[in-house]
Amino acid sequence: QPRLAVLSGGKGGVGVTTLAINIAISMVDQGLRVVLIDADLYRADIAPLCNLPERGHVGDILSARRDIHEVLERGPGGILVVPGVWAPEHKVPFSQHSQERLMRQIRSLGRHADVVLIDVGSAAVDAVLRFWLGANEVILVTTPDAVSVMDCYATVKTAIAGGADPQTLRLIVNRVQQEAEAEDVFRRMEQSVRRF
């Protein structure tokens, strides 16, 4: 069974998708077999950023129209990509049943992938909590911006209240000018989480 990491942001525009693509390519460079899944309900950008055709998408798996192996596309650096759904005319089922179907499909990648990264963007925690609960790691992305940090903290609080394991949570502070800036954000987040 592949290792599963979910990348998530408290608010949009913090760089979750760019980080997901770069982390995936970096892992492939280290010799790992990586599948990157675009499960961002509001802004499915991985396929266009990777110049991939729109032959199939995560919505096909969620609605049981296709198997995960049928929608995989070869992306930059050798990553395998499951494109997201970006067109508003597509109604994507995101029920517990459809998410469990996707998780079963992900587990079936065991012989083909060492790591699966799921980009859920800044979707509401209740919509993606099942992904969080099934993940080995949840990577939260924020920027030093005060609103971004507050939204990230609110996401953590909601996820933990929903049953997420705090031991799986990781934090990336994106768009910093100096390392001290990232350390300050991490310290503030850690203090808030421990206190509340």
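All figures in this text were calculated on a predicted structure; none of them were measured in a lab. One-based numbering along the sequence shown.
Asn174 CG to Thr18 OG1: the interatomic distance, rounded to the nearest 0.5 Å, is 8.0 Å. To the nearest 0.5 angstrom, Ile68 atom CD1 is 12.5 Å from Arg101 atom CZ. Rounding to the nearest 0.5 angstrom, the gap separating the OG1 atom in Thr143 from the CZ atom in Arg175 is 7.0 Å. Taken to the nearest 0.5 Å, the NE2 atom of His57 stands 9.5 Å off from the CG atom of Leu62. The CE atom of Met150 lies 10.5 Å from the CZ atom of Arg188; values are rounded to the nearest 0.5 Å. In this structure, the separation between CD on Glu183 and CD on Gln178 is 10.5 Å, given to the nearest 0.5 Å.
Contact of the Leu171 side chain with the Val173 side chain is registered, since non-hydrogen atoms from C-beta on lie closer than 4.5 Å. For the pair Ile79/Val35, no side-chain contact is recorded, criterion being any heavy-atom separation below 4.5 Å from C-beta on. Contact check for Ile37 versus Leu117: no side-chain heavy atoms found under the 4.5 Å cut-off. Within the 4.5 Å cutoff, side-chain heavy atoms of Cys50 are placed close to those of Ile21. At a threshold of 4.5 Å between non-hydrogen side-chain atoms, the residues Arg55 and Glu70 do not count as touching.
Between the side chain of Arg74 and the backbone N or O of Gly78, at least one donor-acceptor pair lies under 3.5 Å. For the pair Glu181 (side chain) and Gln177 (backbone), a donor-acceptor distance under 3.5 Å is present. With Glu73 contributing its side chain and Val81 its backbone, the two residues share no donor-acceptor pair below 3.5 Å. The backbone N or O of Ile46 lies less than 3.5 Å from a partner atom in the side chain of Asp38, making a donor-acceptor pair. A donor-acceptor pair is defined here as one N or O able to donate and one able to accept, closer than 3.5 Å; no such pair exists between the side chain of Glu100 and the backbone of His97. Between the side chain of Ser26 and the backbone N or O of Asn22 there is no donor-acceptor pair closer than 3.5 Å.
Linking Ile, Leu, Val, Met, Phe, Trp and Tyr whenever their side-chain heavy atoms come within less than 4.5 Å leaves Leu133 and Ile139 in two separate clusters. Met103 and Val138 fall within a single hydrophobic cluster, where Ile, Leu, Val, Met, Phe, Trp and Tyr side chains are chained together by heavy-atom contacts under 4.5 Å. With hydrophobic clusters built from ILVMFWY side chains whose heavy atoms lie under 4.5 angstrom apart, Leu49 shares a cluster with Val28. Taking hydrophobic clusters as Ile, Leu, Val, Met, Phe, Trp and Tyr residues chained together by side-chain heavy-atom distances below 4.5 Å, Leu32 shares a cluster with Ile25. Under the 4.5 Å side-chain contact rule for hydrophobic residues, Val141 and Phe186 do not share a cluster.
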side-chain contact (heavy atoms from CB on, under 4.5 Å) evaluation trace for Leu7 with Ile118: CA-CA 6 Å; Leu7 288 92; Ile118 303 179; over 6 Å; no
Full working for side-chain contact (heavy atoms from CB on, under 4.5 Å) between Leu169 and Val156: CA-CA 8 Å; Leu169 299 179; Val156 169; 3.8 Å; yes
Step-by-step side-chain contact (heavy atoms from CB on, under 4.5 Å) determination, Val6 to Val128: CA-CA 10 Å; Val6 173; Val128 295; over 6 Å; no
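At a cut-off of 3.5 Å, with distance as the only test, a side-chain donor of Ser95 or Ser98 sits close to an acceptor on the other residue. A donor atom on one side chain and an acceptor atom on the other are not found under 3.5 Å apart for Thr17 and Asp45.
Of all non-hydrogen atoms in Arg33 and Arg111, the two that sit nearest each other are NH1-O, 2.6 Å. What you find for Val149 and Met189 is that their closest heavy atoms are O-SD, 3.8 Å. What you find for Asp114 and Gly31 is that their closest heavy atoms are OD2-O, 4.4 Å. Closest heavy-atom contact between Leu140 and Trp132: CD2-CH2, 3.5 Å. Of all heavy-atom pairs between Leu36 and Ala24, the closest is CD2-CB, 4.3 Å. Nearest heavy-atom pair across Gly56 and Arg66 is CA-NH1, 3.3 Å.
When Val58, Asp67, Val71 are each tested for a side-chain contact (heavy atoms from CB on, under 4.5 Å) with Gln105, only one passes: Asp67.
For Arg3 and Glu137, the salt-bridge test passes: some basic side-chain N is under 4.0 Å from an acidic carboxylate O. A salt bridge is absent between Arg43 and Asp40: the closest approach of a Lys/Arg side-chain nitrogen to an acidic carboxylate oxygen does not fall below 4.0 angstrom. Residues Asp60 and Arg65 are paired through a salt bridge, judged by an N-O separation under 4.0 Å between the basic side chain and the carboxylate.
The 12-atom threshold is exceeded at OH of Tyr153, counting heavy atoms of other residues, nucleotides or ligands nearer than 6.0 Å.
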